[in-house]
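In what follows, every heavy atom counts, from backbone to side chain, and hydrogens, waters and symmetry copies are set aside. As the structure is a prediction and not an experimental result, all values here were calculated from the model. So that the names make sense, note that chain A is the first sequence line, chain B the second, and so on, each numbered from 1.
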Protein chains: 2
Amino acid sequence: MSEAPSDSAVLDVTGWTCPAPLRDRPRVVMGHGGGGALSAELVQHVFAPAFGGEVLAQLGDAAAVTLGGARLAFSTDSYVVRPLFFPGGSIGDLAVNGTVNDLAMSGARAAYLSCGFILEEGVELSVVARVSADLGAAARAAGVEVATGDTKVVEAGHGDGIYLNTAGIGLIPDGVDLRPQRVVPGDVVIVSGEIGLHGVAIMSVREGLEFGVDVQSDCAPLGGLVQAMLAVTPDLHVLRDPTRGGLAAALNEIAAASGAGVVIHEGRVPVPEAVGNACAILGLDPFYVANEGKLVAFVPREHADAVLDAMRAHPLGRGATVIGEAVEAHPGLVVARTGLGGTRVVDLPIGEQLPRIC
Amino acid sequence: MSEAPSDSAVLDVTGWTCPAPLRDRPRVVMGHGGGGALSAELVQHVFAPAFGGEVLAQLGDAAAVTLGGARLAFSTDSYVVRPLFFPGGSIGDLAVNGTVNDLAMSGARAAYLSCGFILEEGVELSVVARVSADLGAAARAAGVEVATGDTKVVEAGHGDGIYLNTAGIGLIPDGVDLRPQRVVPGDVVIVSGEIGLHGVAIMSVREGLEFGVDVQSDCAPLGGLVQAMLAVTPDLHVLRDPTRGGLAAALNEIAAASGAGVVIHEGRVPVPEAVGNACAILGLDPFYVANEGKLVAFVPREHADAVLDAMRAHPLGRGATVIGEAVEAHPGLVVARTGLGGTRVVDLPIGEQLPRIC
């Protein structure tokens, strides 16, 4: 970080004044990609003023747009996970499920994906083939078609084997309007199952961190689970998949955008023993660890029991459980009730506890 | 290239047999990203078997899909151009115009873009801000809205400042059906203006290649020009923007997919003097040099004059000219008639003459 990239040396950038929160950090740090406060700062102070419009301002997992009379969800993610293959999946699975799940969080059933490969010169074609096979299998499992693609190659030392980007489009069903602004005090907060599995699976095989747990990533497509929930009532309020930044980031984003307070009961959040142990060893908080096959739902109280039953009847929602509620108190804040009767504020993370988790 | 990326060491890849054309090259080389024969091989032997379906098999600049009754064009490109800023534009302009133009080649007016940044740790935030400003200005100029985005950060030494991916969606007008299969012998081949400007502009500032020409990239959004052409008749047969691999790659793709032969009259292809000189110095053929604001059209003969007039009345088509025609002879082959009355075959390039041009 002490050396400027070669391009910047020839730039006239004197016209740009770094906004205050960024001023102490004139260069990009890993945390800018972590999905927490640093990422939000980049969006607020750099991206939104440059190219933000009404749709980008929704800041949902997917954008909702109307085109030719069709209500569409549109979303993108780049994937830079390391290593490319991990217990329970690969960058190929992740690139499908991550984007499919972002679409699902708007109630859409993913229909088509685009797929952009950035390959590093020298990577084995067999690795490209295996990632491609995983991507194809994941797409078929999610019921989505890869419609268009692109491949670029960068010189050895300017990539890391394979980076992938997928964008996706899907149709939002009539009557479905999922966004944090619809959250009201009294809404029940449901999580679809055990948290922290993806992040711990990656950490368990990350060089320098290997430890002896047998944890598989939960990477899975959530479109079917969401359709089962919407079959109970189209009137769910908001859904998020707690990926980078984990459950804590997802709840904070909803609290901030809705203006509601959120209370969670710490003991009710399902943390697998292996995840808890791994986090204890590494000094991490499971609430901040990434998931790739879970969702958080804010549901009107009158529908909560029926939605919970529908979730538990679906293979990807068997572990669904109520973990808290939206409240009038402490607007915009997420508070956890601890087992001892105390409370603690669950902050938005600054960056990601471990970079390149997805 | 002599060292396997670390991930591949732990893989079981024995199940994958490298198809014959790739067998001599078990690793990715720069040319796999060049948009020529090596790129096509990767698609045919690795990507299509893994995740290809009916839509991907169209192999157009954009996919045409139907969703909620709307006929949509959907396309993606990753941008890894080096340097990030070049005469006539930046990676921010390119990321908008490249994808907008891919959509335009299906007749669609681009409506929404997604935008994925892969930032390298340590890049100056002012560089990110300047690229973002260019991206925003280009989007406004093209009349397209950035609807959704994502940011990832990779460690210093695993990127190159900024990589960008955009995907785009747009509506295909009723009655428009642009694809190479519609080309018939007798179609007139029109190019919208001077070729080779983008590639030569990049080369002129690429380290180790600097030379004293004042050539600006032609990077521009072609949606308006295409709408002006479609206003003459929706019955254009096929459009391509000759980016990587240049005019030669675009014509070869159309010839191969249509089964028609293509004849071009070498002297009629507008090559600016500065481009010709630069290519002579570097030993390059202008037909293979990338463009980012030009299109090639195959137009039914009866409409050719009117389409040409409409193009010349548009600021981005002032230099439009007829360069050849589709013929029954030599199906699938592109042949150039030289000034001396001879002919030469214009092959599909193997890779790109200079990597990371877009």
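Using a 4.5 Å cut-off between heavy atoms, A/Arg71 does not touch chain B at all. Proximity to chain B is absent for every atom of A/Gln58, based on heavy atoms less than 4.5 angstrom apart. For chain B, the nearby part of A/Leu42 is the side chain; its heavy atoms alone come within less than 4.5 Å. Within the 4.5 angstrom heavy-atom criterion, atoms from both the backbone and the side chain of A/Ala147 approach chain B. For a residue to count as touching a neighbouring chain, one of its non-hydrogen atoms must lie under 4.5 Å from one of that chain's; by this rule A/Ser39 does not touch chain B. Only the backbone of A/Thr66 comes within contact range of chain B, with at least one heavy atom under 4.5 Å from a heavy atom of that chain.
Although no hydrogens or angles enter the test, the distance criterion places no donor-acceptor pair under 3.5 Å between the side chain of A/Asp150 and the main chain of B/Thr76. Without hydrogens or angle criteria, A/Glu145 side chain to B/Gly53 main chain gives no donor-acceptor distance under 3.5 Å.
Of all heavy-atom pairs spanning A/Val153 and B/Arg356, the tightest one is O-CG, 3.7 Å. Across all their heavy atoms, A/Val146 and B/Leu56 have their closest contact at O-CB, 3.6 Å. Of all the heavy atoms in A/Ser78 and B/Lys152, the pair that sits closest is O-NZ, 2.7 Å. Residues B/Phe74 and A/Ala167 come closest through the heavy atom pair CZ-O, 3.7 Å. Closest of all the heavy-atom pairs between A/Ala70 and B/Ala70 is CB-CB, 4.2 Å. Scanning all heavy atoms of the two residues, the minimum distance from B/Leu67 to A/Ala111 falls at CD1-CB, 3.5 Å.
Between chain B and the residues A/Asp134, A/Thr166, A/Val128, the largest count of heavy-atom pairs under 4.5 Å involves A/Val128. Among the candidates A/Ala133, A/Gly159, A/Ser75, the residue making the largest number of heavy-atom pairs closer than 4.5 Å to chain B is A/Gly159.
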